[in-house]
Amino acid sequence: MKKFLAMVLALCLTLGCAAAMAEKQTVKLVTWGGGEAYRLSTEEFNRRQDEIEFVIEVISNIDEYLSARIAANDLPDMYNLTPYAKVYESAAAGRLADLTGTEAASRLLDSTKDCVSLDGKIYAMPYQQQIVGCFYNPALFEQAGIEKIPTTYSEMVEVCEKLTAAGIVPFAATYASSWTLNHLATTLLTSALGDDYKSWVNGIAAGESYADTPNVDEIFRFMDLLKQYSGEKYMDATSDTGFNDFAAGKAAMLIQGDWSLETVNQVDPNMNPGLFAVPASDDASKNKLAVDVSVAIAVNANLSEEKMAAVEKVLDYMYDTSDPTGHNSICFTFAGAGVPSVAYKSEVLDGFRYYTDYLSYAESGNVSPWIYQQLPTGTNLGDTLQGYMADLMTKEEVLQKLDTDNEALTF
């Protein structure tokens, strides 16, 4: 009887161990976007193997979500973080896993590493680079007799005048959505600051005044141009309004990120818009395309060895540059998808005019990072600039408000 019970116990233990070995690891990525492409990518990963269940959870207000999870000491396996300051702060607080030695990190483009690195170590995976500039409708430019893409502020004024004379609204407005003005700000700061933007960012972090920003008058001059040439009731237009107006041919230009082209592709897939750097300066060499990592993927520093191994397999899949049917082939092959942070070649993207325009800037070194992302955490230029666009604040009041807000963040 004892021998029988021992055999039963051994069998149970064996079956239990087998069940444990067969149990899948679940790896969750909490993200603020990704849509259908992300869903298809996770399905492809899960179809290929039986060891890991890769799941995506979309949280619209991810900052609020993460704050609550940090307070509860219950962060998810992987989650989106804004690059630069938020990554640096989270890494310094010990919340992020060191990914420096992973295979996925070894595939990153060097130009994408700075925004996720602290003290020489990589603490998050830059997911995608995105392009912010002036997208234009080639057919409307041709209709207005515009043969040269503007490279200076004076040339941009001429373009606006020609479009207006042809009965075409020059700019699609998005200004009721203040977040779009953060991206406008980064394009205008790019022209105003030139290659010396880092010293300005450090100065703001140290409490220097926004009023001392080099060429600050050029920034407001360009916003005045937008107010003049964005049609009637431009402050009523949200981002959705502006994206759709541009897509429908109701305006010739849209100053925004490449994500706006998803709307264009849905409304008028034959437009094939072009792209140029926002020419806020009359010095063409200072007008660079704003290109930067828009989102990073952080990994919880407190994962078990088994869970971390599973996470690394997910990252290997997401950052594979040679997989013809994997993550990059699913998520970076449509207009507005952004640019991968690894050396992945997409023949589909090569067919888009805006993408070949981007490559001409990138290959000649005429790109600059998103400067506003490097400002102190909590900075929101868009809310204040919205007051100027709505004629509710003067230039001086805007600069004073920015200083006041900055003091609360840095002291």
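Heavy atoms only: backbone and side chains are in, while hydrogens, waters and symmetry mates are out.
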TODO: State whether the side chain of N80 and the backbone N or O of T31 hold a donor-acceptor pair below 3.5 Å, judged by distance alone.
DONE: no
Open item on the list: Ignoring hydrogens and geometry beyond distance, is a side-chain donor-acceptor pair present between Y317 and S41 at under 3.5 Å?
Closed with: yes
Open item on the list: Within a 6.0 Å radius of atom NZ on K307, are there more than 12 heavy atoms belonging to other residues, nucleotides or ligands?
Closed with: yes
Task: Shortest non-hydrogen separation from G242 to T174 and the atoms involved - done: CA-CG2, 3.9 Å
Open item on the list: Nearest 0.5 angstrom please: L315 CG to D320 CG, how far?
Closed with: 12.0 Å
Task: Nearest-0.5 Å distance, CG of residue N215 to OG of residue S281 - done: 6.5 Å
TODO: Indicate yes or no: at least one non-hydrogen side-chain atom of N137 is less than 4.5 angstrom from one of M271.
DONE: yes
Open item on the list: Taking S360's backbone N and O only, do any of them form a donor-acceptor pair with S364's side chain (distance below 3.5 Å, no angle check)?
Closed with: yes
Open item on the list: Less than 4.5 Å apart, side chain to side chain, heavy atoms only: is that true for M78 and K28?
Closed with: no
TODO: Verify, without hydrogens or angle tests, whether Y234 (side chain) and Y175 (backbone) share a donor-acceptor contact under 3.5 angstrom.
DONE: no
- [ ] Look only at the side chain of K286 and the backbone of A280, and say whether a donor-acceptor pair between them is shorter than 3.5 Å.
- [x] no
TODO: For residues L385 and A185, report the shortest heavy-atom separation together with the two atoms involved.
DONE: CD1-CB, 3.8 Å
Task: Close side-chain approach of L181 and L381, heavy atoms under 4.5 Å - done: no
TODO: Side-chain contact test, heavy atoms from C-beta onward, threshold under 4.5 Å: evaluate it for L81 versus L96 and give yes or no.
DONE: yes
Task: D403-S209 side chain donor-acceptor pair, cut-off 3.5 Å - done: yes
Task: N73 atom CG, over 12 foreign heavy atoms within 6.0 Å - done: no
Open item on the list: With a 4.0 Å cut-off on N to O distance, would you call R353 and D357 a salt bridge?
Closed with: no
Open item on the list: Go through it in stages, so that I can follow the logic: the residues are L359 and D350, the test is side-chain contact (heavy atoms from CB on, under 4.5 Å), and I'd like the CA-CA distance, side-chain angles, deciding distance and then a yes or no.
Closed with: CA-CA 9 Å; L359 288 177; D350 286 345; 4.2 Å; yes
Task: Polar side chain donor-acceptor pair, T112 to S341, under 3.5 angstrom - done: no
TODO: Would you please say whether a donor-acceptor pair under 3.5 Å links the side chains of E158 and S154?
DONE: no
Task: Value rounded to 0.5 Å, distance of CD1 in I56 from CZ in F45 - done: 11.0 Å
Task: Backbone of V339 reached by a side-chain donor or acceptor of Y355 within 3.5 Å - done: no
Open item on the list: I need the minimum non-hydrogen distance between A104 and Y319, along with the two atoms involved.
Closed with: CB-CB, 4.0 Å
Open item on the list: Distance check, rounded to the nearest 0.5 Å: E44 atom CD versus C331 atom SG?
Closed with: 11.0 Å
TODO: Indicate yes or no: does D63 engage K86 in a salt bridge with an N to O separation below 4.0 Å.
DONE: yes
TODO: Could you tell me whether the side chain of L225 reaches within less than 4.5 Å of the side chain of M156, counting heavy atoms only?
DONE: yes
TODO: Using atom types as modelled and distance alone, determine if a side-chain donor or acceptor of S177 lies under 3.5 Å from a backbone N or O of T238.
DONE: no
Open item on the list: Between N328 and M318, is the side-chain contact (heavy atoms from CB on, under 4.5 Å) condition met? List the steps.
Closed with: CA-CA 7 Å; N328 288 313; M318 294 181 70; over 6 Å; no
Open item on the list: For F276 and Y136, I'd like to know if the aromatic rings sit close, meaning centre-to-centre distance below 6.0 Å.
Closed with: yes
Open item on the list: Using every non-hydrogen atom in the two residues, find where Q373 and D292 come nearest and quote the distance to one decimal.
Closed with: NE2-OD2, 3.8 Å
- [ ] Report yes or no: does E89 contribute a side-chain atom to a donor-acceptor pair with the main-chain N or O of A92 at less than 3.5 Å?
- [x] no
Open item on the list: Looking only at the side chains, is there a donor atom on one of T213 and W200 sitting less than 3.5 Å from an acceptor on the other?
Closed with: yes
Open item on the list: Before you tell me yes or no, could you show the steps for F332 and Y344 under ring pair (Phe, Tyr, Trp, His ring centres under 6.0 Å), namely the whole-Å CA-CA distance, both residues' side-chain angles and the distance that decides it to 0.1 Å?
Closed with: CA-CA 9 Å; F332 291 104; Y344 178 75; 7.4 Å; no
Open item on the list: Does the structure place the NZ or CZ of K227 under 6.0 Å from the centre of the six-membered ring of F222, at an angle of no more than 45° from the ring's axis?
Closed with: no
TODO: Determine, for R48 against D323, whether the closest basic-nitrogen to carboxylate-oxygen distance falls under 4.0 angstrom.
DONE: yes
- [ ] State, with a plain yes or no, whether a side-chain heavy atom of T26 is found less than 4.5 Å away from one of V55.
- [x] yes
Open item on the list: How long is the straight-line distance from CG of D283 back to OH of Y153, given to the nearest 0.5 Å?
Closed with: 15.5 Å
- [ ] Check salt bridge (Lys or Arg N to Asp or Glu O under 4.0 Å) between K313 and all other residues, then give those that pass, not counting sequence neighbours.
- [x] E51
Open item on the list: If you count every heavy atom of other residues, nucleotides or ligands that lies below 6.0 Å from K148 atom NZ, does the total exceed 12?
Closed with: yes
Task: Side-chain ion pair, K401 and E397, N-O less than 4.0 Å - done: no
Open item on the list: Quick one: does any side-chain atom of T190 pair with a main-chain N or O of T186 as donor and acceptor, under 3.5 Å?
Closed with: yes
TODO: Return the orientation label for the F220 and Y388 ring planes: parallel under 30°, perpendicular over 60°, tilted otherwise.
DONE: perpendicular
TODO: Step by step, work out the ring pair (Phe, Tyr, Trp, His ring centres under 6.0 Å) result for Y229 and F171.
DONE: CA-CA 6 Å; Y229 289 109; F171 296 108; 7.3 Å; no
Task: R69/Y79 under side-chain contact (heavy atoms from CB on, under 4.5 Å): CA gap, chis, key distance, verdict - done: CA-CA 11 Å; R69 287 301 189 99; Y79 53 94; over 6 Å; no
- [ ] Classify the ring geometry between H327 and Y38 as parallel (under 30°), tilted (30 to 60°) or perpendicular (over 60°).
- [x] tilted
Task: side-chain contact (heavy atoms from CB on, under 4.5 Å) evaluation trace for T379 with L409 - done: CA-CA 8 Å; T379 300; L409 297 171; 3.5 Å; yes
Open item on the list: If you compare all heavy atoms of F334 against all heavy atoms of L349, which two are closest, and at what distance to 0.1 Å?
Closed with: O-CD2, 3.6 Å
Open item on the list: Taking CG in D74 as the centre, count heavy atoms belonging to other residues, nucleotides or ligands within less than 6.0 Å. Is the count above 12?
Closed with: yes
Open item on the list: What I want to find out is whether E43 reaches R39 closely enough, with some N-O distance under 4.0 Å, to be called a salt bridge.
Closed with: yes
Task: CG-CD1 distance between N46 and I52, expressed to the nearest 0.5 angstrom - done: 9.0 Å
Task: S199 and D196 side chains, donor-acceptor separation under 3.5 Å - done: yes
Open item on the list: Quick one: does any side-chain atom of E262 pair with a main-chain N or O of A335 as donor and acceptor, under 3.5 Å?
Closed with: no
TODO: Determine the interplanar angle of the W179 and W259 rings, folded into 0 to 90°, and report it as parallel if under 30°, tilted if 30 to 60°, perpendicular if over 60°.
DONE: tilted
Open item on the list: Using every non-hydrogen atom in the two residues, find where I70 and L75 come nearest and quote the distance to one decimal.
Closed with: CG1-CD2, 3.8 Å
- [ ] Count the heavy atoms belonging to other residues, nucleotides or ligands that lie under 6.0 Å from CG of D195, then report whether that count exceeds 12.
- [x] no
Task: Enclosure of E305 CD (heavy-atom neighbours >12, cutoff 6.0 Å) - done: no
Task: Minimum side-chain heavy-atom gap F246-V267 below 4.5 Å - done: no
Task: Donor-acceptor pair between T100 and D98 side chains, under 3.5 angstrom - done: yes
Task: Residue pair Y123 / V116, side-chain heavy-atom distance below 4.5 Å - done: no
Open item on the list: Please check this pair: side chain of Q129 against backbone of P340, looking for a donor-acceptor N/O pair closer than 3.5 Å.
Closed with: yes
